[in-house]
Amino acid sequence: MKVISALIDFTETSKKAVQYAAWIAKHEGAKVNLVHIEASKSDNQEEIENRLIDFSGIEDQNVPYTVSLGDGNYLKKIPKLLQRNQADFVVIGTHGVKGIFQTLFGANVLILVQSLGISALVVQDHTPAPPSKAKSILFPLAPHHDFNVKIDQTAYWAKSWDARVDVFCLFKGDDSLPDNIAHNLELTKTTFTKEGVRFVTTLQDSKVYSVGYSKDIIAYADDKGFDLLAIMSQNSEENQYFGNVDKTNLILNPKGIPVLCIAE
């Protein structure tokens with residue numbers, strides 16, 4: 001990765017996004033790209049840029065950086081700015097009840113993440129400061145037909161940080177695992193073993209009565225503690241295990257675990 005973008009809306013949470021972007025950039029030898037969208041075009045671009053630099057604290061992070069400004073609808077302009085700057089990855093801060101441009105919360109965060117075309121890391125107000133390195137990654141199984149993308153990207157992060165991956169597989173009711181979940185479980189174990197990724201596999205019966213899987217995953221994450229939670233940005237074709245509600249719940253997990261949203 002060469003360019004790590006961070007979305008800035010002059011909230012404290014966006015400062016945390018900058019911290020995580022710099023954390024990744026230092027490890028990858030990349031630069032940070034600060035991205036800000038104004039509601040309407042301003043004649044004081046230099047003033048906004050200087051304010052953005054001062055507010056973000058980027059000059060204290062000891063990483064190379066650039067600044068990208070835009071105006072208008074952030075859901076439309078952010079993907080364009082990321083493409084223009086050839087961003088490889090983006091860090092997004094959300095407040096849970098309010099966020100980037102005071103509207104990026106809940107489903108809006110997910111809408112943005114799903115529109116980007118690149119992978120993202122979502123952090124919250126109460127997300128801990130970046131650790132020296134990520135030691136543990138929670139990796140829930142999902143039925144996506146292109147699940148190899150999540151496997152490969154998670155393997156990259158795990159090897160980069162020498163982190164352990166907890167492959168989490170949940171049984172619903174008395175049924176055995178669906179064929180696509182079982183297939184992805186075996187593919188995950190085979191790939192991680194081949195790539196030398198340290199991992200454990202947890203197969204667990206659902207302990208929470210709910211249609212989706214997010215409540216069980218969050219309960220498990222709360223109990224064990226993880227540095228990262230990896231999910232697919234898009235829904236599977238079945239859209240029953242990791243639908244939009246589940247993904248939003250995971251992104252807004254109460255522990256503030258950073259969520260790695262992997263683009264297909």
Side-chain angles (χ1 to χ4, degrees), residues 3-14 16-18 20-21 24 33-40 68-127 140 142-147 149-150 153 210-215 217-218 228-254 256-264:
V3 180
I4 313 297
S5 288
L7 305 189
I8 311 297
D9 65 347
F10 294 109
T11 63
E12 291 301 310
T13 311
S14 60
K16 187 161 292 180
V18 173
Y20 270 87
I24 297 168
N33 169 229
L34 304 179
V35 176
H36 175 70
I37 307 294
E38 290 280 301
S40 58
S68 298
L69 301 178
D71 60 86
N73 186 311
Y74 72 92
L75 286 173
K76 294 181 179 179
K77 292 298 179 71
I78 287 175
K80 182 178 179 179
L81 280 178
L82 296 182
Q83 289 180 346
R84 181 183 298 169
N85 288 281
Q86 301 182 63
D88 300 297
F89 192 81
V90 60
V91 185
I92 303 169
T94 178
H95 298 257
V97 294
K98 61 179 180 177
I100 202 92
F101 317 117
Q102 304 306 311
T103 58
L104 184 51
F105 65 94
N108 284 343
V109 179
L110 184 59
I111 291 170
L112 178 61
V113 165
Q114 292 175 336
S115 73
L116 296 177
I118 60 175
S119 296
L121 187 72
V122 180
V123 298
Q124 300 183 64
D125 284 336
H126 55 296
T127 295
H144 297 72
H145 297 298
D146 52 357
F147 198 67
V149 176
K150 178 179 175 179
Q153 288 199 34
S210 64
V211 175
Y213 278 31
S214 58
K215 291 183 179 180
I217 295 169
I218 289 171
L228 292 174
L229 166 60
I231 67 172
M232 295 285 282
S233 297
Q234 305 295 333
N235 293 323
S236 67
E237 291 183 7
E238 291 81 357
N239 196 27
Q240 56 181 332
Y241 299 100
F242 282 82
N244 285 339
V245 173
D246 264 345
K247 290 182 187 296
T248 300
N249 288 342
L250 293 173
I251 286 173
L252 302 180
N253 69 87
I257 301 169
V259 179
L260 176 60
C261 301
I262 297 172
E264 298 177 7

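Computation of the quantities below employed the complete heavy-atom set of this structure, encompassing side-chain atoms and omitting hydrogens, waters and symmetry-equivalent molecules. Note that the numbering runs from 1 along the sequence shown for the chain.
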Worksheet item: Are the side chain of Lys247 and the backbone N or O of Leu110 linked by a donor-acceptor pair below 3.5 Å?
Response: no
Worksheet item: Around atom CD of Gln86, are there more than 12 heavy atoms of other residues, nucleotides or ligands at under 6.0 Å?
Response: no
Item to complete: Under the side-chain contact (heavy atoms from CB on, under 4.5 Å) rule, collect the residues that match up with Gln153, sequence neighbours excluded.
Response: Ser119, Val149, Ile262
Worksheet item: Rounded to the nearest 0.5 Å, how far does CG of Asn85 lie from CD1 of Ile4?
Response: 12.5 Å
Fill in: Partners passing side-chain hydrogen bond (donor to acceptor under 3.5 Å, both in side chains) against Asn253 (at least two apart in sequence or in another chain)
none
Worksheet item: To the nearest 0.5 Å, what is the distance between CD1 (Ile92) and NZ (Lys16)?
Response: 16.0 Å
Fill in: Heavy-atom pair with the smallest gap, counting every atom of Ala230 and Pro140
O-CD, 3.2 Å
Worksheet item: Heavy-atom distance under 4.5 Å between the side chains of Ser68 and Leu82, does that happen here?
Response: no
Item to complete: Calculate, to the nearest 0.5 Å, the distance between atoms NZ and NZ belonging to Lys80 and Lys77 respectively.
Response: 6.5 Å
Worksheet, complete the sentence: Nearest heavy-atom contact between Tyr20 and Val91 is CB-CG1, 4.0 Å
Practice prompt. Determine yes or no for a side-chain-to-main-chain donor-acceptor pair under 3.5 angstrom, with Gln124 supplying the side chain and Ile251 the backbone.
Written response: yes
Fill in: side-chain contact (heavy atoms from CB on, under 4.5 Å) against Asp88, all qualifying residues, sequence neighbours excluded
Met1, Lys2, Val3
Worksheet item: Would you say His36's side chain and Phe10's backbone share a donor-acceptor pair under 3.5 angstrom?
Response: no
Worksheet entry | Stepwise side chain to side chain contact (heavy atoms under 4.5 Å, CB included) test for Leu81 and Ile37 | CA-CA 10 Å; Leu81 280 178; Ile37 307 294; 3.3 Å; yes
Worksheet item: For the atom pair NZ (Lys150) and CD (Gln234), what is the distance rounded to the nearest 0.5 Å?
Response: 13.5 Å
Worksheet entry | Nearest heavy atoms of Met232 and His144, plus distance in Å | CB-NE2, 3.6 Å
Item to complete: Could you check Asp9 against Tyr74 for side chain to side chain contact (heavy atoms under 4.5 Å, CB included), going step by step and ending with a plain yes or no?
Response: CA-CA 11 Å; Asp9 65 347; Tyr74 72 92; over 6 Å; no
Practice prompt. Please report the shortest heavy-atom distance between Pro258 and Thr127, naming the atom on each side.
Written response: CG-CG2, 3.6 Å
Discussion item. Check whether Ser14 reaches the backbone of Leu7 with its side chain - one donor and one acceptor, N or O, closer than 3.5 Å.
Written reply: no
Practice prompt. Would you mind telling me which of Val113, Asp246, Val259 makes a side chain to side chain contact (heavy atoms under 4.5 Å, CB included) with Ile231?
Written response: Val259
Worksheet item: What closest approach, in Å, do Ala6 and Ala17 show between heavy atoms, and which atom pair accounts for it?
Response: CB-O, 4.1 Å
Response to the item:
Output for pair (Ile78 CD1, Asn73 CG), nearest 0.5 Å, gives 9.0 Å
Discussion item. Does any part of the side chain of Leu112, heavy atoms only, come nearer than 4.5 Å to the side chain of Thr94, both counted from C-beta?
Written reply: no
Worksheet item: Looking only at heavy atoms, what is the nearest atom pair of Ile218 and Asn249, with distance?
Response: CD1-O, 3.5 Å
Worksheet item: Tell me, do Cys261 and Val122 make a side-chain contact under 4.5 Å, heavy atoms counted?
Response: yes
Worksheet item: Listed by chain and number, what are the side-chain hydrogen bond (donor to acceptor under 3.5 Å, both in side chains) partners of Asp71, not counting sequence neighbours?
Response: none
Worksheet entry | Any side-chain heavy-atom pair of Asn244 and Gln114 under 4.5 Å | yes
Worksheet item: Got Leu228 and Leu121 here, is their nearest side-chain heavy-atom distance under 4.5 Å?
Response: yes
